[in-house]
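Along the sequence shown, residues are numbered consecutively beginning with 1.
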Amino acid sequence: MRSLLIVFLLSVCVPTCLCYAEDKEKEEEPKEILLDVESAYEIPHTRSLYSAIPEAVLQGTSVRVTFDEPLPHVDIRICKVVSGEMVYEMSYAYESEVCIDLSACDKGNYVIYLDAETVIYEGDFSLRN
């Protein structure tokens, strides 16, 4: 009887623990931030202009922005959607990847702006601390 009780408890507890561990792992999976072109400046096309859309990924409380090639200049701003408060602003030169730590920010909805001189990209994301 005791062995049946142990088997029963193991069959109930082990799958529950595995499901909980699986849920915790899913929270840390990177989530792509979809970037749209907010505006493009009227500059004639040449072969040297940057044309590829950058990639932005949210993982936990960090945002990673990746460019296909290092840009001569890019401004990155992150604002709260509700209040419009700017929580991050930085200029970068010749960077192909930038990692931004937002662990000090409150949970909520945010907007990221990437101003790459010839075009401005915009994307929405949510922080869930």
Out of curiosity, does [Y] fall in the hydrophobic cluster containing [X] (side-chain heavy atoms, cut-off under 4.5 Å, transitive links)?
X: Val63; Y: Val57; answer: no
X: Val74; Y: Met90; answer: yes
X: Val111; Y: Val119; answer: no

Nearest non-hydrogen partners of [X] and [Y], listed with the distance:
X: Ile33; Y: Asp124; answer: CG2-O, 3.6 Å
X: Lys107; Y: Arg128; answer: CB-CA, 4.1 Å
X: Leu35; Y: Pro54; answer: CD1-O, 3.3 Å
X: Leu127; Y: Gly60; answer: CD2-O, 4.0 Å
X: Phe67; Y: Glu95; answer: CD1-O, 3.6 Å

At what distance, to the nearest 0.5 angstrom, does [atom1] of [X] lie from [atom2] of [Y]?
X: Tyr113; Y: Ile76; atom1: OH; atom2: CD1; answer: 14.0 Å
X: Arg77; Y: Leu114; atom1: CZ; atom2: CG; answer: 9.0 Å
X: Phe125; Y: Leu102; atom1: CZ; atom2: CG; answer: 5.5 Å
X: Asp36; Y: Glu122; atom1: CG; atom2: CD; answer: 7.5 Å
X: Tyr88; Y: Ile78; atom1: OH; atom2: CD1; answer: 7.0 Å

Distance alone, cut at 3.5 Å: any donor-acceptor contact between the side chains of Ser62 and Arg64?
no
Do [X] and [Y] have side chains that get closer than 4.5 Å, going by heavy atoms?
X: Val65; Y: Ile112; value: yes
X: Lys80; Y: Val87; value: yes
X: Tyr94; Y: Pro72; value: yes
X: Val82; Y: Asn109; value: no

Suppose clustering is done on Ile, Leu, Val, Met, Phe, Trp and Tyr with side-chain heavy atoms closer than 4.5 Å. Which residues sit in the same group as Met86?
none
Just by distance, do the side chain of Asp115 and the backbone of Glu117 share a donor-acceptor pair under 3.5 Å?
yes
